[in-house]
Amino acid sequence: MKVKEMSLLEEFIAEFKLQTFRSVMLRDYTSLRIGGIAEYLIIPDDTLTLKNLIDLLREEKRGYLLIGSGTNMLIKDSGVEEVVISLKRFQKHQIVKDEDDVVCYFAQAGVSLQSLVRETIDKGFTGMEGLVGIPGTIGGALFGNAGAYGYEIMDIVDRVTIMRDGLLRIVKKEELDYGYRTGGFAKEDIILGVHLLLKRGDPVEIKGRTDGFLKEKKKTQPIGERSAGCVFKNPEGVSAGKLIEESQCKGLRVGDVEVSRIHGNFFVNKGNATAADFIKLMDIVSERVFKDHGIILEPEIRIYGRD
């Protein structure tokens, strides 16, 4: 019987003893719990291994898809052709400079945004209060310039370590064309870590602001339900959620996907939702808002996968 030759990717996985899952359902790796199959999900241990893996995939002309905690993304039911790479092992974070009431804090891309928010607040550092309750990782927050209540993560960025075209680079914030829901990174950039500039403040005041934001968020967003965060970007000068509510879309449902009855810009998985139903509901809501308000809603959620 002829033995099938190992691919270069399989050889690489074996040589570096990479934690690898084969034929995985990506619904198990996204906050929406929606998504089809991926042939490979690989979890590199460090930057050098990640770089070598990316170089190999490019050499073999194979695509790749990076995931953190799987928020703000919708994976289609037919899955993805790309090799999925998780940065969950990129968890280092520490104070690297502390002087004159300004603290420089480093965090790798796989660090939970909420764990960092809580840690910095507990230490009496101000600058991240408005990011409380936003799910996901530091890498994802930077790529989409996560923010709320007048705060955006790019406001406190000093520099970002990325991988671009196979090379490691340190990019100052001033070099990035960041803005609303974009960190200004190229699509191919891989965010590895960030240096944040925070200030010391009154711990009681900082905690009070944070608790107030979180209390408001729990009242106005479906915290605890399976969602991917906001589905659409806010058009300039107006809330997408308000437009959706005014178009009588709250509670609309396709299959097991429902427009949240708490916040119109959140779609929740009420059971065994599919990506096809999610996209269909996006179309229905978009059409209603355009009919009622003449405004085209632009997706904030990122959609990946085979058609």
Side-chain angles (χ1 to χ4, degrees), residues 44-55 58 64-69 71-72 85-132 134-201 206 210 302:
D45 294 312
D46 51 59
T47 300
L48 181 58
T49 305
L50 173 63
K51 179 188 182 312
N52 290 335
L53 174 58
I54 297 296
D55 288 345
R58 286 181 171 173
Y64 58 88
L65 173 63
L66 292 167
I67 63 169
S69 55
T71 58
N72 197 231
I85 301 173
S86 169
L87 299 184
K88 67 184 292 184
R89 297 272 173 83
F90 287 62
Q91 290 287 333
K92 292 180 181 176
H93 54 99
Q94 62 187 29
I95 296 173
V96 294
K97 193 174 183 180
D98 184 356
E99 60 183 30
D100 299 328
D101 290 331
V102 176
V103 177
C104 183
Y105 206 104
F106 172 76
Q108 286 188 310
V111 172
S112 160
L113 176 61
Q114 285 315 292
S115 70
L116 191 62
V117 168
R118 283 299 177 190
E119 181 170 331
T120 57
I121 287 168
D122 288 344
K123 291 180 183 296
F125 304 153
T126 183
M128 302 193 76
E129 296 94 307
L131 306 180
V132 68
I134 298 176
T137 60
I138 290 295
L142 289 165
F143 196 86
N145 192 15
Y149 303 113
Y151 291 73
E152 290 181 337
I153 194 167
M154 290 303 295
D155 293 338
I156 54 173
V157 166
D158 178 54
R159 58 193 185 272
V160 185
T161 305
I162 65 171
M163 188 183 301
R164 179 181 291 171
D165 298 327
L167 300 175
L168 298 183
R169 290 189 56 186
I170 295 177
V171 183
K172 297 288 289 183
K173 177 170 74 171
E174 292 75 18
E175 299 176 57
L176 296 167
D177 186 22
Y178 63 91
Y180 174 67
R181 295 302 176 264
T182 176
F185 300 94
K187 183 180 178 182
E188 297 78 16
D189 287 346
I190 299 174
I191 297 171
L192 300 174
V194 64
H195 286 76
L196 302 171
L197 293 180
L198 305 171
K199 293 183 178 180
R200 289 195 177 277
I206 295 169
T210 306
R302 295 180 173 87

> Can you find a pair of side-chain heavy atoms, one from I95 and one from F125, that are under 4.5 Å apart?
Replying inline: yes
> Are the charged groups of D189 and R164 less than 4.0 angstrom apart, N to O?
Replying inline: yes
>> With a 6.0 Å cut-off (strictly less than), is the heavy-atom count around NZ of K172, excluding the residue itself, greater than 12?
In response: yes
> If every non-hydrogen atom of A146 is compared with every non-hydrogen atom of I134, which pair is closest and at what distance?
Replying inline: CB-CG2, 4.3 Å
> Does CG belonging to D177 count more than 12 external heavy atoms closer than 6.0 Å?
Replying inline: no
> Hey, does I138 have a side-chain heavy atom less than 4.5 Å from the side chain of I191?
Replying inline: no
> Backbone N or O of Q91 within a donor-acceptor pair of the Q108 side chain at under 3.5 Å?
Replying inline: yes
>> Going by side chain to side chain contact (heavy atoms under 4.5 Å, CB included), T210 matches just one of T126, I121, L131. Which one?
In response: I121
> Within a strict 4.5 Å, meaning less than it, do heavy atoms of the L142 and M154 side chains meet?
Replying inline: yes
> Should V160 and R169 be marked as a side-chain contact (heavy atoms from CB on, under 4.5 Å) after you check the CA-CA gap, both sets of side-chain angles, and the distance that decides it?
Replying inline: CA-CA 8 Å; V160 185; R169 290 189 56 186; over 6 Å; no
> Is there a donor-acceptor pair under 3.5 Å between the side chain of D46 and the backbone N or O of L48?
Replying inline: yes
>> So which atom in I156 and which in M128 form the shortest heavy-atom distance, rounded to 0.1 Å?
In response: CD1-CG, 3.5 Å
> Just by modelled atom types, is the I206 backbone N or O under 3.5 Å from a matching donor or acceptor in the E129 side chain?
Replying inline: no
>> Using side-chain contact (heavy atoms from CB on, under 4.5 Å), reason through T182 and N145 one step at a time and then give a plain yes or no.
In response: CA-CA 5 Å; T182 176; N145 192 15; 5.6 Å; no
> What heavy-atom pair brings G110 and T137 nearest, and what distance separates the two atoms?
Replying inline: O-CG2, 3.8 Å
> How many angstroms lie between CG in D158 and CG in L197, if you round to the nearest 0.5 Å?
Replying inline: 4.0 Å
> Which heavy atom in H195 sits nearest to a heavy atom in V96, and how many Å separate them?
Replying inline: CD2-CG2, 3.8 Å
>> Please give me the minimum heavy-atom distance between S86 and P44, naming the atom from each residue.
In response: O-CD, 3.3 Å
> Does the distance from a Lys or Arg side-chain N to an Asp or Glu carboxylate O, for D98 and R200, drop under 4.0 Å?
Replying inline: yes
>> Would you say that V194 contacts T161 through its side chain, given a criterion of any heavy-atom pair below 4.5 Å between the two side chains?
In response: no
>> Please determine whether side-chain contact (heavy atoms from CB on, under 4.5 Å) holds for the pair Y64 and L53, giving the CA-CA distance in whole Å, both sets of side-chain angles, and the decisive distance to 0.1 Å.
In response: CA-CA 10 Å; Y64 58 88; L53 174 58; over 6 Å; no
>> When you measure from the side chain of K173 to the backbone of D155, do you find a donor-acceptor pair of N or O atoms at a distance under 3.5 Å?
In response: yes
>> Before you tell me yes or no, could you show the steps for I190 and I162 under side-chain contact (heavy atoms from CB on, under 4.5 Å), namely the whole-Å CA-CA distance, both residues' side-chain angles and the distance that decides it to 0.1 Å?
In response: CA-CA 5 Å; I190 299 174; I162 65 171; over 6 Å; no
> Regarding E119 and Y105, is there a side-chain donor-to-acceptor distance under 3.5 Å anywhere?
Replying inline: yes
>> Quick check for you: to the nearest 0.5 Å, what is the distance between T120 atom OG1 and R118 atom CZ?
In response: 9.5 Å
> Can you find a heavy atom in the side chain of L192 that is under 4.5 Å from one in the side chain of L50?
Replying inline: yes
> Does the pair D55/K51 count as a salt bridge with the N-to-O cut at 4.0 Å?
Replying inline: yes
> What is the distance from atom OG1 of T49 to atom CZ of R89, rounded to the nearest 0.5 Å?
Replying inline: 10.5 Å
